[in-house]
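Note that the structure is a prediction, hence the values are computed from the model and not measured.
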Amino acid sequence: MIRYYDKLETRSPDARRSAQAVALPGLVAHARETVPHYAMLFAHLSPDAGFTSLPLTRKSDLVARQQLSPPFGGMGAGAGRRVFMSPGPIFEPEGNGPDAWRCARALHATGLRAGDLLHNSFAYHFTPAGVMLEEGALALGCRVFPAGTGNTEMQARAAAHLRPGAWTGTPDFLKAILEAGDAAGLDLTSIRRAHVSGGAFLPALRQYYAARGLTVMQSYASADCGVIAYETEAHEGLVVDEGVMLEIVRPGTGDPIPDGEVGEVVVTVFDTSAPLIRYATGDLSAVMPGRSPCGRTNTRIRGWMGRADQAAKVKGMFVRPEQIATLARAFPQAGRMRLVVAQDAGADAMTLRVEAADGSMAEALATRLQALTNLRGAVQIVPPGSLPNDGKVIDDTRPVG
């Protein structure tokens, strides 16, 4: 079995960085000339502006932007054979060409090869997940059974008859199909490999599949970005896809953070038909140190670790991660900061927890916090390294409901 999809997966990190550095100026220039959103966003920037000085495009802003400028908010209008609608609603055009979402590489890492039959249980209507995986499988030379979602027992009976070697869908749906097959006395042992996405792939579920002798790997993907990172046979984090450049930034900012720190995933997609440049996904993750034991040399991330959109409404006013980031820049001698929002005797209360060796800055921090948010908050100085490395900037602990 051919181990790697292509030579790009094992090139040196320096060669990868050089290739990206060569491609980026052309991608930015092309987006500036052909995509109305980027023409406006980059209008006042110098042509030789550094890449990290380019402003972010936030996924969280797309709903409002598409309502003001339908159908796509000035992004991707010339792309694609299909148009989809994801919850929000957010409307997404398909990129041009085969395997526009770059799923083939992730499926190849799972073990799919030409001639395999893939049972595809991702949705085919409204959202693009089913088409995303189908296009990737077809690019590998596989055949696809477009099962879609639901109809669990019917899916089990179809799999027993067609004998597919591979399956794809959300992490827990395969378990439901297998259990339906068990209950009906069906033989589903043809399914030896599965590729999952779109939900949490928890340890107990991994153990269930392993006990049945299945090889199951996951990818981190989205309708707008395609595959961002994918699991390999090493099962140590997710390897970043060769078609994207990934950054991890401090939530609420575009500022890069050190490897290992949890922050917001920002991606640039090298696709001239539907370019995305410094696209803030709203997801949290962290870069893992070192290279994957599988031999692929691209950056590894820890996978999806939650949402970076942490705005909280306090006493009728929104407090946002951007405000805490501004505060942190004003106090560079401090470490991590976390604003804890709680209830005290039925009223909203804020406490800013700050990692610092010097407690004398507490009063200045409280004054600046009030100036930025128009709300009073207590400040608690804590030892350096004591706050969790989970990417949280605002921790809303108030009871729901």
**OP:** Quick one: do Arg398 and Val341 satisfy side-chain contact (heavy atoms from CB on, under 4.5 Å)? Show the steps, please.
**Re:** CA-CA 7 Å; Arg398 294 171 295 184; Val341 182; 3.5 Å; yes

**OP:** Would you confirm whether Trp101, through its side chain, and Val227, through its main-chain N or O, come within 3.5 Å as a donor-acceptor pair?
**Re:** no

Original post:
Tyr38 and Arg32: side-chain contact (heavy atoms from CB on, under 4.5 Å), yes or no, with the steps?
Top reply: CA-CA 5 Å; Tyr38 290 115; Arg32 210 170 194 166; 5.5 Å; no

**OP:** Taking Ser69 for its side chain and Arg65 for its backbone only, find out whether a donor-acceptor pair lies under 3.5 Å.
**Re:** no

Original post:
Do Arg212 and Leu174 come within less than 4.5 Å of each other through their side chains, counting heavy atoms only?
Top reply: no

**OP:** Would you confirm whether Asn96, through its side chain, and Ala100, through its main-chain N or O, come within 3.5 Å as a donor-acceptor pair?
**Re:** no

Original post:
Would the number of heavy atoms belonging to other residues, nucleotides or ligands and lying under 6.0 Å from CD of Glu363 be above 12?
Top reply: no

Subject >> Pro384 to Ala356 - nearest heavy-atom pair and separation >> reply: CD-O, 3.8 Å

Subject >> Chi angles and distances behind the salt bridge (charged side-chain N to carboxylate O under 4.0 Å, His left out) call for Arg17, Asp14 >> reply: CA-CA 5 Å; Arg17 283 190 290 268; Asp14 286 344; 2.4 Å; yes

Subject >> Euclidean distance, Leu8 CG relative to Arg296 CZ, rounded to 0.5 Å >> reply: 12.0 Å

**OP:** Could you tell me whether a side-chain N or O of Gln323 sits under 3.5 Å from a main-chain N or O of Arg320, the two making a donor and an acceptor?
**Re:** yes

Original post:
Could you state the interatomic distance from OG1 (Thr299) to CG (Asp241), rounded to the nearest 0.5 Å?
Top reply: 12.0 Å

Original post:
Do the side chains of Phe51 and Glu247 get nearer than 4.5 Å, heavy atoms only?
Top reply: yes

Subject >> Heavy-atom side-chain proximity of Leu369 to Leu339 below 4.5 angstrom >> reply: yes

Subject >> Residues, nucleotides or ligands: over 12 heavy atoms within 6.0 Å of Met154 CE >> reply: no

**OP:** Calculate, to the nearest 0.5 Å, the distance between atoms CE and CD belonging to Met288 and Glu236 respectively.
**Re:** 6.0 Å

Original post:
If only atom types and distance count, is the side chain of Asn298 paired as donor or acceptor with the main-chain N or O of Val239 below 3.5 Å?
Top reply: no

Original post:
Without hydrogens or angle criteria, can the side chains of Asp358 and Ser360 be said to hold a donor-acceptor pair below 3.5 Å?
Top reply: yes

**OP:** List the steps and the verdict of side-chain contact (heavy atoms from CB on, under 4.5 Å) for Val131 and Phe122.
**Re:** CA-CA 8 Å; Val131 173; Phe122 274 115; over 6 Å; no

Original post:
Is there a donor-acceptor pair under 3.5 Å between the side chain of Thr268 and the backbone N or O of Arg278?
Top reply: yes

Subject >> Evaluation steps, salt bridge (charged side-chain N to carboxylate O under 4.0 Å, His left out), between Arg163 and Asp187 >> reply: CA-CA 9 Å; Arg163 307 293 293 167; Asp187 180 5; 3.5 Å; yes

Original post:
Taking the side chain from Ser285 and the backbone from Gly303, do they hold a donor-acceptor pair closer than 3.5 Å?
Top reply: yes

Subject >> Contact summary for Arg329 and Asp255, nearest pair of heavy atoms >> reply: NH1-OD2, 2.9 Å

Subject >> Rounded distance (nearest 0.5 Å) linking atom CE of Met217 with atom CG of Leu238 >> reply: 11.5 Å

Subject >> Under 3.5 Å: donor-acceptor pair, side chain of Arg157, backbone of Leu186 >> reply: no

Original post:
Shortest non-hydrogen contact from Ile277 to Leu27?
Top reply: CD1-O, 4.0 Å

Original post:
Do Val63 and Ile90 pass the side-chain contact (heavy atoms from CB on, under 4.5 Å) test, and can you show the C-alpha distance, the side-chain angles, and the key distance before you say yes or no?
Top reply: CA-CA 6 Å; Val63 173; Ile90 295 175; 3.7 Å; yes

Original post:
Is there a side-chain contact between Leu45 and Pro55, using heavy atoms and a 4.5 Å cut-off?
Top reply: yes

Subject >> Heavy-atom closest pair, residues Ser197 and Ser219 >> reply: OG-O, 2.8 Å

Original post:
Are any of the side-chain heavy atoms of Gln155 and His119 separated by less than 4.5 Å?
Top reply: yes

**OP:** Taking the side chain as every heavy atom from C-beta outward, state whether Arg192 and Leu214 have any pair of such atoms under 4.5 Å apart.
**Re:** yes

Original post:
At what distance, to the nearest 0.5 angstrom, does OG1 of Thr110 lie from CH2 of Trp167?
Top reply: 12.0 Å

Subject >> Distance-minimising heavy-atom pair for Asp116 and Gly111 >> reply: OD2-O, 4.0 Å

Original post:
Closest heavy-atom contact between Glu261 and Arg336?
Top reply: OE2-NH2, 2.6 Å

Subject >> Heavy-atom side-chain contact between Thr215 and Glu233 under 4.5 Å >> reply: no

Original post:
Do Tyr209 and Leu178 come close enough that some side-chain heavy atom pair is under 4.5 Å?
Top reply: yes

**OP:** Output the distance between atom CG (Leu276) and atom CE (Met75), rounded to the nearest 0.5 Å.
**Re:** 5.0 Å

Original post:
Is there a donor-acceptor pair closer than 3.5 Å between any side-chain N or O of Gln66 and the backbone N or O of Phe91?
Top reply: yes

**OP:** Scan Arg105, Arg300, Arg302, Arg206 and name whichever one has a salt bridge (charged side-chain N to carboxylate O under 4.0 Å, His left out) with Glu231.
**Re:** Arg206

Original post:
Are any side-chain N or O atoms of Asp395 and backbone N or O atoms of Arg338, one a donor and one an acceptor, separated by less than 3.5 Å?
Top reply: no

**OP:** Would you please classify the geometry between the His108 ring and the Tyr5 ring as parallel, tilted or perpendicular, with 30° and 60° separating the classes?
**Re:** perpendicular

Original post:
Given Glu264, which of Lys392, Arg58, Arg307, Arg250 fulfils the salt bridge (charged side-chain N to carboxylate O under 4.0 Å, His left out) condition?
Top reply: Arg58

